[in-house]
Each structure stands twice: as C-alpha cells, then as structure tokens.
Amino acid sequence: MMKFARRAILLGTLTTMLTSVWSRIIGAPGLPAPAPSARPTWPTDVVSKLYRDAHRRLIDPDAFEAAFDQAIEVLRASNAGKIEREEATTRMLAIHAEALRHPPPPREIPPLRADEVGVHEAMALLRRAIAGESHIELEHPWAEVFHSFGQFTIEGWKLTAFKRNRGIKYLDAALSPDGHMGTYVSWQAREGNPVHLLSDEEQDRLDELIEGIGS
C-alpha cells in the first residue's frame with residue numbers, strides 16, 4: 001500500500017511537470033462498465049488511464065507495478081527529448097494494453113450491512129450531480145482545499161472527499177439523510193471507491209463541476 005501511495009505521488013509530480021513543459025511547447029453485484037474514452041493525445045493521458053484502471057481493479061497490482069515502471073521510463077525519455085511524443089504515446093498504449101491482459105484474481109464481495117452505503121448507491125448519487133440532476137453544495141470553496149479533505153452535500157447527503165491538487169482523488173465518506181454510512185474502508189472491502197469506478201469522462205466532469213463552483 002505504501003509503495004502504491006509513493007507511486008501516486010510520483011505520478012502527480014511527473015504529470016504536472018510534463019504538462020507544464022509540453023504546454024509551453026505547443027501553447028496548450030457487477031458495476032456498469034466505464035464508457036469508452038477517446039484515444040489519448042499525450043503520454044501522461046495514458047499514465048492516468050493506467051492508474052485509473054488499476055483503481056478499478058482491472059489490473060493486477062504486480063502487473064501495475066511493472067507497467068508503471070515502464071511508463072515512467074517512457075515519460076522520462078520523452079521529457080528529455082530522446083523520443084517524439086507520438087512514439088511515447090504509442091509505447092504507453094502498448095504498456096497499458098499489456099497490463100490489462102493481467103487482471104487480478106476474483107475476490108469475494110462481503111454482504112452489504114443494513115447500515116452501510118454501498119458502492120452502487122454512492123456512484124448513483126455522484127452521477128446525478130454529474131448529469132445536472134442534483135446540485136453540489138460546498139462547505140468551503142474547493143479552491144481552498146489542497147492535499148486535504150473537503151466536505152460537500154448532494155441531496156442532503158454529507159460527503160467527504162480527498163483532493164490532492166485538483167478535483168476529487170477519492171471519496172472518503174458518505175452519510176445518507178437516514179443515517180447510513182459508507183467509508184473508504186468499507187468500499188475498498190467491496191467493489192472499490194465510488195469515484196474510481198466512474199468512467200474517465202464522469203471523473204473528469206466531476207472534477208470540473210466541483211472546481212467550477214463559486215469561480
């Protein structure tokens with residue numbers, strides 16, 4: 001777990017660094033299956049996809065570790081100008097495709113307790129906000145939250161989420177109006193975190209929504 005966390009920090013640092021450099025150059029039970037994404041343009045987009053699919057438990061942890069190490073080497077070569085962006089993206093896509101060939105073994109999902117908020121229920125709540133059917137009300141401006149937890153409400157639900165530098169990294173807790181509770185730990189023991197299991201487009205839209213409130 002600690003190794004995985006260290007890689008998350010490294011990913012964030014490298015992504016920020018590379019995005020800045022390239023911007024200056026160019027001036028710029030089962031859960032529903034994630035919606036298909038458009039072909040990534042940047043190598044860092046593929047790294048993000050690799051990381052998201054690992055959180056969705058589509059990639060075995062050992063396969064993810066190997067793929068991440070390979071991806072970082074490609075990113076370093078691209079950043080140093082040793083390979084073109086197009087070649088770096090092609091290599092990254094191949095790394096991602098190979099990683100997906102190694103899913104984790106099946107795991108037993110424990111029964112949902114009567115007082116718990118399940119993964120499906122939390123995802124449905126977030127999707128209603130993403131679709132504009134419900135509104136997000138922030139306890140504090142999201143711009144003031146950095147590498148910490150922030151609180152907000154949707155339909156009377158009290159939610160806590162972790163923000164690193166932008167958007168929502170993961171949902172930490174959800175308290176329903178009738179007192180049911182879901183937590184990071186309870187969701188990890190089941191299908192996974194509700195935010196992680198949203199499609200790429202849904203995660204991106206959720207980040208845009210919460211960052212845009214009050215701006």
Side-chain angles (χ1 to χ4, degrees), residues 1-2 4-20 23 28 31-32 34-35 37 44-45 47-49 51-56 112-113 115-215:
M1 182 64 70
M2 290 299 296
F4 198 78
R6 288 196 296 271
R7 293 198 181 282
I9 296 171
L10 178 58
L11 171 61
T13 301
L14 284 173
T15 300
T16 302
M17 176 183 67
L18 290 172
T19 301
S20 175
S23 296
L31 291 169
S37 301
T44 47
D45 294 332
V47 176
S48 177
K49 178 66 175 171
Y51 205 78
R52 285 176 170 181
D53 282 346
H55 276 306
R56 291 179 181 124
L112 184 68
R113 295 204 321 258
D115 62 345
E116 282 186 324
V117 172
V119 176
H120 293 271
E121 193 174 10
M123 289 177 68
L125 179 70
L126 294 174
R127 281 178 167 149
R128 290 196 293 274
I130 292 167
E133 299 169 2
S134 301
H135 298 288
I136 299 173
E137 298 180 5
L138 299 177
E139 183 174 309
H140 299 289
W142 210 249
E144 297 178 2
V145 181
F146 180 75
H147 215 280
S148 184
F149 293 99
Q151 286 76 40
F152 56 97
T153 61
I154 302 174
E155 299 177 5
W157 287 63
K158 297 180 180 180
L159 305 163
T160 302
F162 183 80
K163 175 183 177 181
R164 178 162 290 136
N165 52 8
R166 184 180 185 278
I168 293 177
K169 184 66 177 176
Y170 59 82
L171 197 62
D172 189 66
L175 178 64
S176 71
D178 60 5
H180 292 186
M181 173 72 80
T183 66
Y184 182 91
V185 173
S186 70
W187 293 320
Q188 287 301 102
R190 299 181 60 76
E191 296 93 343
N193 196 271
V195 167
H196 295 159
L197 295 172
L198 296 172
S199 72
D200 290 353
E201 289 77 10
E202 288 171 331
Q203 289 186 45
D204 293 341
R205 179 58 181 152
L206 180 60
D207 290 347
E208 291 172 1
L209 279 173
I210 200 162
E211 288 288 345
I213 295 174
S215 63

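This is a predicted model, so every value here is computed, not measured.
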Please find the pair of heavy atoms, one from [X] and one from [Y], that lie closest to each other, and give the distance.
| X | Y | answer |
| --- | --- | --- |
| A174 | L159 | CB-CD2, 3.3 Å |
| I130 | L209 | CA-CD1, 3.7 Å |
| R166 | D207 | NH1-CB, 3.4 Å |
| I154 | A129 | CD1-CB, 3.9 Å |

(message) Could you work out, with ring pair (Phe, Tyr, Trp, His ring centres under 6.0 Å) as the rule, every residue matching F152, not counting sequence neighbours?
(response) W142
Output yes when a side-chain donor or acceptor of [X] lies under 3.5 Å from a complementary backbone atom of [Y], and no otherwise.
| X | Y | value |
| --- | --- | --- |
| E144 | P141 | no |
| R56 | L198 | yes |
| H120 | P194 | no |
| E137 | T153 | no |
| E211 | A143 | no |

(message) Does this structure show an ion pair linking D53 with K49, if we count only N-O contacts that are shorter than 4.0 Å?
(response) yes
(request) Inspect the contact between R127 and E202 and indicate whether a charged nitrogen and a carboxylate oxygen are less than 4.0 angstrom apart. (result) yes
Roughly how far, to the nearest 0.5 Å, is the [atom2] atom of [Y] from the [atom1] atom of [X]?
| X | Y | atom1 | atom2 | value |
| --- | --- | --- | --- | --- |
| H196 | M123 | NE2 | CE | 11.5 Å |
| W187 | Y170 | CH2 | OH | 11.0 Å |
| D204 | R52 | CG | CZ | 4.5 Å |
| H180 | W157 | NE2 | CH2 | 8.5 Å |
| I210 | I168 | CD1 | CD1 | 4.0 Å |
| F149 | L171 | CZ | CG | 10.5 Å |

(request) Kindly determine whether V119 and L112 satisfy side chain to side chain contact (heavy atoms under 4.5 Å, CB included), including the steps that lead there. (result) CA-CA 10 Å; V119 176; L112 184 68; over 6 Å; no
(request) Using the side chain to side chain contact (heavy atoms under 4.5 Å, CB included) rule, take D115 and M181 through it: C-alpha gap first, then chi angles, then the decisive distance, then the call. (result) CA-CA 6 Å; D115 62 345; M181 173 72 80; over 6 Å; no
(request) Report the C-alpha separation of L125 and E155 in whole Å, then their side-chain angles, then the decisive distance to 0.1 Å, and conclude whether the side chain to side chain contact (heavy atoms under 4.5 Å, CB included) test is met. (result) CA-CA 8 Å; L125 179 70; E155 299 177 5; 3.6 Å; yes
